[in-house]
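These figures come from a predicted structure and were not determined experimentally.
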Amino acid sequence: VLNQEQTKKCSWKKLVVHKFIRPCNLHLSEDDVDLEALVNDMNSSLESLYSSCSGPQTESTPLLHNGHHTSPELPSSSSLSADLPRTSLRRSQPMHILAVRRLQEEELQLRTSSLPAIPNPFPELCSPASSPVLSPGSLPPGDPTTGKHIVKIFSEDGVGKVVEIPADMMARDLCQLLVYKSHCLDDNSWVLVEHHPLLGLERCLEDHELVVQVQASMNSDGRFLFRKNYAKYEFFRNPLTFFPEHMVAWCQETNHTIPPSQLLQNFLSTNTCPEIQGYLYIKEVGRKSWKKVYMFLRRSGLYCSTKGASKEPRHLQLLADLEDSNIFTVITGKKQHSAPTDFEFCIKPNKSRGEMKELRMLCAEDEQSRTCWMTGFRLFKYGIILYQNYKLPQQRKPLLSPFSAPVRSVSENSLVAMDFSGRIGRVIDNPVEAQCAAMEEGHTWRKRTQRMNVIGSQSPLHHSTLNSVIHIAQLWYYGRITREESHRIIHQQGQVDGLFLVRVSQSNPKAFVLTLCHHKKIKHFQILPCEEDGQVFFSLDDGVTKFTDLIQLVEFYQLNRGVLPCKLKHPCTVVAL
C-alpha cells in the first residue's frame, strides 16, 4: 500500500513523461520512478487486500457505489487515490434491520451484565417464583439456596422483627443473633418456635435445622416465635423422669436394671432397637370421635396394634413415618378437637398443605406420657445429632474471649447456704441450721429496713411506696394475669423443676401468687402482705419469714427451699424484640 506522498509524486512524474516524450531512449535519473514496476506492485497489493477482506466466503456480492452496481474489475486511478489512505478494506454486504437490532441488544446485554444487582423496591408485586433482587439484563434467576433471605420473627407480645439471614443459617445461629440484638442473657435455652395459629400447632426447631428450609415448608399463616424453653435438652440431664420404665419395652425385659446412662445410649445408638409403648387416644379421620389404641414407637415409625397389645407384624399398622414428618404440640386442646384430655399432640407430614385430614391427632393420659412420646420421637428421628447439639454450647465455653463477660447460671450447684457471722464464711450443710439462719437473716433485713426508713423519712418517695413497685422491672413478674395464662406460660417454657413466675392475686388485690413447676405439675403459693410497726412485709409462710419486697423474697428462695417443694431456678422470661 503506497502512502499519499508517493502517489502524488507518481502522478506528477507521469505528466512530465507524457509532456516531454521523445522517440529516443529515456535515461532515468536517480529521482525518477519506474512506472511499470510501480503499477505491477500496486496490482499485486490490491489483489492481496481483496483476498484477505473477502475471507473464505465463496459467494460474490456486487459492490455498491452511490446506489449503482459496479463491475468487479479493479478500481480506476481516481478511486484508487481516494481509497489508498485507508488502513483496511471492507466489502459491502446487505444487512437486515432485525439483525442490527439483535446485535445492539447483545451489546447492551454485555455492557449491563457487569452492573451490580439492584434491590427491588416493590417485592410484593413480584410473583412468588421470582427473585426479590432484580438481576441486570436478561440474566437467569439465582439459585434459591444461595444469597440473602428475609425472615420475620415474633415475640410473645405479638411484635415482629424482620431479619435478613443467609440461606445456610441454622436455628441455633439465628437465636444467637437475636440474643445479641435484644441484649438478653445467653443461657442456651432460647429456641425458635414454628407456630401455626389456625391449626393450633407449634414446635421448637432443632438447633441444626435450616431456617430458610423450614420457612419454605410453612403455610401462609405460619410464623416464627422467639421464646425460652428450659426443657430443650433436659432429658440428657435426667432421663428417668422423661422415660418411665413401664413405657420402655426393653426396660421391662431386663427387670429394671438398666442405668440412666445406658438408657440414653440405647436411644442414641442406631444398632439397638428401643421401643416406646402404651395406650394413646387417636382421632379418627373425618370424624370427631376418639379411639383408644395401643401404640408402638420405633425408629421405622409409629405403629398401632389392630388387636389389643399384640406386637405381631400382621397386627401392626403404620400411622406415620418419622423421616417425613414432625411432631407438634396442640395448643388449643379440647376446644378445637374435642380431645378427651388436655395432653394432646400431633404428627404433621412435611409435605402437608395444612388440611386437618392430613394430620394425625393423638392424646395421652397425662403430661409425663405425652413428654415421653414426643421426646422419643425426636431421639428416634435425629439420634446422635441431638446429643451433638446439646454438647456444642459446652464446648464453646472454653473458646470464649477472656474479655467477654462470663455467663453465670443459677443452679443448685452454684447456690448454697452460707454463714458469714464469723471471720471466715462457711457452707451450712445441716438443713435445720440453714432454716434457722434464713429466719435470722429475715429479721436482720427487717431491722435494716426500719433503720433505712428512719434515715430516709425526709425523702419525698417513701420507702413503702418503693417496695410496692420495685419488682415491676423484673423478668419473672407478670402483673395481672389469670391462672390459666400462667399455666400456658409455664407449659411453653418447658415445665422443668424450679420454673416460676410471680403474678398479682385475683382473689386478694394486695397479695401476690408464686406459680412454680415441680415434677410436671404446676403449684401456686400465695404471697401475703403483713404489717408490723407500721411497715409492710411479704411472706410465704404466714409471717414466719418476712421480706421487705418481692425481690428479696425471690432471692431468698433461690438459695433456700424453705416451704417450697424445690428452689426457684428458672424465671419465666419474655423478651421484647
Side-chain angles (χ1 to χ4, degrees), residues 201 203 235 239-258 260 262-330 332-334 336-349 352 356-381 383 519-520:
L201 307 177
R203 74 175 182 99
F235 54 87
L240 294 181
T241 59
F242 283 81
F243 299 102
E245 295 180 349
H246 67 277
M247 296 186 64
V248 182
W250 42 268
C251 283
Q252 300 178 357
E253 298 173 358
T254 56
N255 297 326
H256 317 286
T257 57
I258 297 180
Q262 185 66 28
L263 176 67
L264 279 177
Q265 185 177 357
N266 290 341
F267 272 102
L268 296 174
S269 177
T270 56
N271 298 328
T272 58
C273 297
E275 186 178 277
I276 304 296
Q277 60 185 11
Y279 281 98
L280 283 176
Y281 293 95
I282 181 172
K283 186 177 182 181
E284 299 182 6
V285 180
R287 299 182 181 180
K288 295 183 178 181
S289 60
W290 292 75
K291 184 179 180 181
K292 193 174 183 179
V293 185
Y294 202 78
M295 299 280 187
F296 300 94
L297 181 61
R298 301 172 179 175
R299 296 189 187 277
S300 56
L302 178 65
Y303 299 86
C304 68
S305 179
T306 58
K307 186 178 181 180
S310 175
K311 292 185 179 181
E312 297 184 11
R314 58 193 180 96
H315 295 152
L316 296 182
Q317 181 181 358
L318 179 64
L319 292 180
D321 188 6
L322 304 188
E323 296 296 331
D324 300 332
S325 57
N326 287 310
I327 193 164
F328 288 78
T329 303
V330 181
T332 52
K334 296 182 179 180
Q336 184 174 358
H337 307 288
S338 302
T341 65
D342 293 329
F343 313 104
E344 189 178 1
F345 60 100
C346 169
I347 297 179
K348 178 179 176 294
S352 174
M356 296 301 300
K357 61 181 181 180
E358 299 177 351
L359 306 180
R360 286 293 182 180
M361 310 300 298
L362 304 169
C363 194
E365 293 284 353
D366 50 16
E367 182 62 33
Q368 188 181 26
S369 300
R370 179 172 70 171
T371 305
C372 180
W373 287 102
M374 297 184 67
T375 306
F377 188 98
R378 294 173 57 197
L379 285 172
F380 287 152
K381 182 176 181 179
H519 288 172
K520 303 295 181 182

Next item on the list: Please report the closest heavy-atom contact between Cys346 and Leu201, naming both atoms and the distance.
Entry: CB-CD2, 3.9 Å
Check: Quick one: side chain to side chain contact (heavy atoms under 4.5 Å, CB included) partners of His315, sequence neighbours excluded?
Finding: Ser305, Thr306, Lys307, Ser310, Glu312
Next item on the list: Could you go through the side chain to side chain contact (heavy atoms under 4.5 Å, CB included) check for Leu322 and Arg299 one step at a time?
Entry: CA-CA 7 Å; Leu322 304 188; Arg299 296 189 187 277; 5.5 Å; no
Notebook entry, point to check: Hey, are the side chains of Leu359 and Ile347 touching, using non-hydrogen atoms and a 4.5 Å cut-off?
Noted result: no
Notebook entry, point to check: Would a 4.5 Å heavy-atom cut-off, applied to side chains only, mark Arg360 and Ile282 as touching?
Noted result: yes
Notebook entry, point to check: When rounded to the nearest 0.5 angstrom, what distance separates CD in Glu358 from OG in Ser325?
Noted result: 12.5 Å
Item checked: Shortest non-hydrogen contact between Gln277 and His246, atoms and distance -> NE2-O, 4.3 Å
Next item on the list: Could you check if a side-chain atom of Phe243 sits within less than 4.5 angstrom of a side-chain atom of Phe267, using non-hydrogen atoms only?
Entry: yes
Notebook entry, point to check: Is the ring centre of Phe345 less than 6.0 Å from the ring centre of Phe343?
Noted result: no
Check: Considering all heavy atoms of both residues, which atom of Phe380 and which atom of Glu275 are nearest to each other, and what is their separation?
Finding: CZ-N, 4.4 Å
Notebook entry, point to check: Nearest heavy-atom pair of Cys304 and Val293: which atoms, and what distance?
Noted result: CB-CG1, 3.6 Å
Margin query: Ignoring hydrogens, what is the shortest heavy-atom contact between Glu344 and Leu362? Give both atom names and the distance.
Written below: CG-O, 3.2 Å
Margin query: Can you confirm whether Phe296 sits close enough to Lys311 that some side-chain heavy atom of one is under 4.5 Å from a side-chain heavy atom of the other?
Written below: yes
Margin query: Checking Arg298 against Leu316 for the side chain to side chain contact (heavy atoms under 4.5 Å, CB included) test, could you report, in this order, the C-alpha distance in whole Å, the side-chain angles of both residues, the deciding distance, and whether it holds?
Written below: CA-CA 12 Å; Arg298 301 172 179 175; Leu316 296 182; 3.7 Å; yes
Checklist line | Qualifying residues under side chain to side chain contact (heavy atoms under 4.5 Å, CB included), relative to Thr241, sequence neighbours excluded | finding: Asn238
Margin query: Is any side-chain heavy atom of Glu365 closer than 4.5 Å to one of Tyr281?
Written below: yes
Check: If you measure from CG on Asn266 to CG on Leu379, what distance do you get to the nearest 0.5 Å?
Finding: 11.5 Å
Checklist line | Side-chain touch Lys381/Ile327, heavy atoms, less than 4.5 angstrom | finding: no
Next item on the list: Supply the atom-to-atom distance Glu284 CD to Trp290 CH2, rounded to the nearest 0.5 angstrom.
Entry: 10.5 Å
Item checked: With sequence neighbours excluded, residues passing side chain to side chain contact (heavy atoms under 4.5 Å, CB included) with Asp321 -> Glu323, Asp324
Next item on the list: Step by step, work out the side chain to side chain contact (heavy atoms under 4.5 Å, CB included) result for Trp373 and Leu302.
Entry: CA-CA 10 Å; Trp373 287 102; Leu302 178 65; 4.1 Å; yes
Margin query: Given the ring of Phe242, does Lys520 sit roughly above its face, with NZ or CZ under 6.0 Å from the centre of the six-membered ring and within 45° of the axis?
Written below: yes
Note to self: With side chain to side chain contact (heavy atoms under 4.5 Å, CB included) as the criterion, how do Met247 and Gln368 come out once you've worked through the C-alpha distance, each side chain's angles and the decisive distance to 0.1 Å?
What the structure shows: CA-CA 10 Å; Met247 296 186 64; Gln368 188 181 26; over 6 Å; no
Next item on the list: Answer whether the closest heavy-atom distance between the side chains of Cys363 and Arg370 falls below 4.5 Å.
Entry: no
